[in-house]
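The chains referred to below are lettered A, B, ... by the order of the sequence lines, with proteins before strands, and numbering in each begins at 1.
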There are 2 protein chains.
Amino acid sequence: MPVTIHDVAKEAGVSTSTVSKVLNHWTTISSDTTARVNAAIIKLNYTPNARAVSFARKSTRNIVYLTSLGKDEAYRNPHMFDIMCGVHKELTKHGYTLTLVDTSDEAFPGESVHNVIDGKYSDGLIIHGSAVTKDLSKLITEQDYPHIIIGHPGFESNLCWIDPNHALAGQFAARHMLLCEYSSVAFIGGKKTDYISTQRLKGFVGGMYDYGYYIPASHIGYTDSSITESYEAAYSMLTDRRPPRAIVCENNTIALGVVKAIENLSLKIPDEIALLLFDVYPYSNIIFPKPTVIDINVYDMGIQAGDIMLRKLKNPSLFVQSYTTLPILIQGQSTQPLRKQ
Amino acid sequence: MPVTIHDVAKEAGVSTSTVSKVLNHWTTISSDTTARVNAAIIKLNYTPNARAVSFARKSTRNIVYLTSLGKDEAYRNPHMFDIMCGVHKELTKHGYTLTLVDTSDEAFPGESVHNVIDGKYSDGLIIHGSAVTKDLSKLITEQDYPHIIIGHPGFESNLCWIDPNHALAGQFAARHMLLCEYSSVAFIGGKKTDYISTQRLKGFVGGMYDYGYYIPASHIGYTDSSITESYEAAYSMLTDRRPPRAIVCENNTIALGVVKAIENLSLKIPDEIALLLFDVYPYSNIIFPKPTVIDINVYDMGIQAGDIMLRKLKNPSLFVQSYTTLPILIQGQSTQPLRKQ
DNA sequence: CTGAAAGCGCTTACAG
DNA sequence: CTGAAAGCGCTTACAG
């Protein structure tokens with residue numbers, strides 16, 4: 001038979017209320033009693049029944065992480081799981097648990113959310129941006145349910161969200177290029193309709209402009225993010241009569257195409273052409289020489305999401321909509337070493 | 001105020017016991033009463049309080065997934081998360097939830113497991129093989145706690161586990177090569193101490209042998225799984241006086257090195273040299289021509305783990321130790337097309 | 001076929 | 001500083 005609070009109370013010669021108070025660190029208990037109760041707890045190896053606690057307390061100390069969990073999602077979108085790990089880390093630190101809910105295979109995703117909320121499975125909801133629909137938004141807002149969205153939803157709303165600052169990452173790229181004294185820099189990105197690519201480009205162009213450099217249209221490439229198109233974009237820029245001195249690649253696949261073009265033209269990195277990438281993942285580690293990369297610490301973004309969730313639980317009126325996660329620069333050998341730090 | 005079972009009972013004009021019985025599909029309730037209760041449930045939009053249910057029932061309908069959830073784990077080991085998604089899928093289907101527990105940052109991982117078990121957080125434990133220690137094994141075995149290990153632990157035990165059959169995958173590779181009528185086939189693998197690589201090699205060599213083909217030592221390469229060493233291994237085999245007609249690459253990184261050697265020697269795939277890889281992830285999709293791959297459906301392995309867990313909960317004496325997940329062959333253009341299917 | 005009542009293991013006003 | 005008692009929202013023998 002599992003040991004209960006009654007067993008502990010009997011062992012310590014006190015009431016169950018007193019044991020409960022010791023367990024919850026009430027300050028009104030004498031140190032003598034506290035000691036006796038703790039001794040009994042250790043002697044009996046007592047662990048409170050989490051179900052009973054959560055039931056009596058009317059709070060679960062559990063948060064639900066809502067996202068798409070289909071087959072191959074882990075390969076397609078590992079960042080999402082890295083964020084999840086960050087969230088988990090922060091919640092665990094404060095005694096909360098994390099439960100997963102999938103949105104990938106139901107007709108109406110609101111159904112499971114409705115269950116989570118009305119079934120009181122959790123105290124709050126952390127939702128990956130890709131899983132947010134307008135229906136969901138309405139449901140959460142109406143119920144005024146504690147939540148935080150990771151990655152801002154594609155529409156205006158009163159939801160709370162955080163998001164990495166991709167434009168700022170673009171500015172970082174510009175700044176680094178100028179520190180390396182490259183003024184003629186090209187940018188090869190994804191489609192014009194791609195949100196992240198557009199933000200990075202915007203930040204980059206703006207950043208260069210702030211220092212007095214203007215990027216001509218011929219030095220901006222839009223691709224479908226395939227190796228083939230990126231190769232072609234880079235090849236044509238590099239064989240132009242005024243080739244760029246450096247290329248910023250908006251993602252890893254683009255970088256592969258660009259590197260291939262550079263190899264085929266037998267150019268030396270970084271002496272003849274410099275390279276800067278966004279994201280470490282998934283190919284930066286198979287590019288030689290080791291590339292200089294601007295990365296986003298999404299694990300840290302998960303930690304922030306967890307932290308905000310916890311703060312919201314204490315203060316339900318807390319409202320957050322912000323670009324919160326800063327990019328970091330990882331210096332490699334694909335750009336000139338800086339004169340001094 | 002949330003609506004409770006009492007509200008439903010009052011609305012339907014019955015007792016709470018009766019409502020509970022309808023909720024739990026007891027067969028003793030008249031269809032007339034059932035209809036009235038269901039109508040009340042819909043009218044009031046009632047959802048049972050999961051906490052109360054789990055508490056009263058003394059079963060949580062929750063399973064804990066125990067694994068390492070540190071930073072970058074999602075990039076290092078996405079398979080683990082794919083498995084997790086499979087587990088989640090199967091559990092959800094049967095009304096169970098999945099909660100995550102991290103093993104990556106504690107001095108004694110048994111601590112959190114002890115909590116999970118004694119705190120009655122869940123009905124069972126699914127543990128990723130990499131997280132299993134002897135202490136943990138002892139704890140679980142002593143408590144006779146429902147569990148299933150994914151990937152067999154590195155030591156003998158009475159734990160229940162399932163694991164993909166890597167040796168069988170090796171046999172598949174041999175069989176496919178012979179169907180393509182390649183008899184001179186090389187194998188480039190990881191270190192001799194690598195478990196998966198060794199199993200795949202063993203299955204491959206054995207499979208070839210079963211059909212009467214013997215792989216000479218010169219056609220077996222051991223590497224540190226780096227592009228450089230794989231390149232060198234392939235280069236030396238291909239420039240040998242009796243080069244292989246096909247190469248089996250034990251993982252994706254090795255394949256990159258091998259492809260590079262093939263390119264540098266200007267050999268044509270598959271006409272001059274054929275290629276077969278293990279694993280789709282992470283680089284098979286950047287290799288041209290699209291390679292023929294032997295993959296393991298680890299998502300499906302997660303589903304199986306979930307299924308076994310559920311069966312164990314019904315029948316605690318169920319004991320499983322088996323190589324359960326079958327490899328699949330994905331035909332690409334790096335081997336001859338087969339004569340007929 | 002239905003309901004009254006005990007109980008799941010805690011927490012928390014409230015009284016002392 | 002401590003304890004008796006009510007209550008969290010269900011389930012489940014048990015009686016009828």
Closest non-hydrogen atom pair, [X] against [Y]:
X	Y	answer
A:Ile126	A:Met309	CG1-SD, 3.9 Å
A:Ala74	A:Phe81	CA-CE1, 3.5 Å
B:Thr4	B:Tyr46	C-CE1, 3.6 Å

Any residue meeting side chain to side chain donor-acceptor pair (under 3.5 Å) with A:Ser54, in chain and number order, not counting sequence neighbours = none
d([atom1], [X]; [atom2], [N]) in whole Å:
X	N	atom1	atom2	answer
A:Arg51	D:dT11	CZ	P	14 Å
B:Lys58	C:dC8	NZ	P	6 Å
B:His6	D:dC10	NE2	C1'	8 Å
A:Asp118	D:dC10	CG	P	12 Å
B:Phe55	D:dG7	CZ	C1'	11 Å
A:Asp7	C:dC10	CG	P	9 Å

Give me the distances for all protein-to-nucleotides 1-4 of chain D N/O pairs that come in under 3.5 Å?
| residue | atom | partner | partner atom | Å |
| --- | --- | --- | --- | --- |
| D:dT2 | OP1 | A:Ser30 | OG | 3.2 |
| D:dT2 | OP1 | A:Thr33 | OG1 | 2.3 |
| D:dT2 | OP2 | A:Ser30 | N | 3.0 |
| D:dT2 | OP2 | A:Thr33 | OG1 | 3.3 |
| D:dG3 | OP2 | A:Ser15 | N | 3.1 |
| D:dG3 | OP2 | A:Ser15 | OG | 3.4 |
| D:dG3 | OP2 | A:Thr18 | OG1 | 2.7 |
| D:dG3 | N7 | A:Lys21 | NZ | 3.3 |
| D:dG3 | O6 | A:Lys21 | NZ | 2.5 |
| D:dA4 | N7 | A:Ser17 | OG | 3.3 |
| D:dA4 | N6 | A:Ser17 | OG | 2.9 |

Intra- and inter-strand pairing of DNA chain D, written as dot-bracket with Watson-Crick and G-U pairs under 3.5 Å and | for the latter, reads |||.||||||||.|||
The single option from [options] passing side-chain contact (heavy atoms from CB on, under 4.5 Å) against [X]:
X	options	value
A:Ile127	A:Thr103, A:Val113, A:Ile140, A:Val64	A:Ile140
A:Thr325	A:Ile83, A:Ile296, A:Ile303	A:Ile296
B:Asp118	A:Val3, A:Thr47, A:Asn49	A:Thr47

Parallel, tilted or perpendicular: ring planes of A:Phe55 versus B:Phe55, cut at 30 and 60 degrees = tilted
Would you say a side-chain N or O of [X] is under 4.0 Å from OP1 or OP2 of [N]?
X	N	answer
B:Ser20	D:dC10	no
B:Tyr46	D:dG9	no
B:Asn24	D:dT11	yes

Of all the nucleotides listed (D:dC10, C:dG9, C:dT12), which has the minimum atom distance to the side chain of B:Asn49?
-> D:dC10
Hey, are the side chains of A:Glu73 and A:Ser104 touching, using non-hydrogen atoms and a 4.5 Å cut-off?
-> no
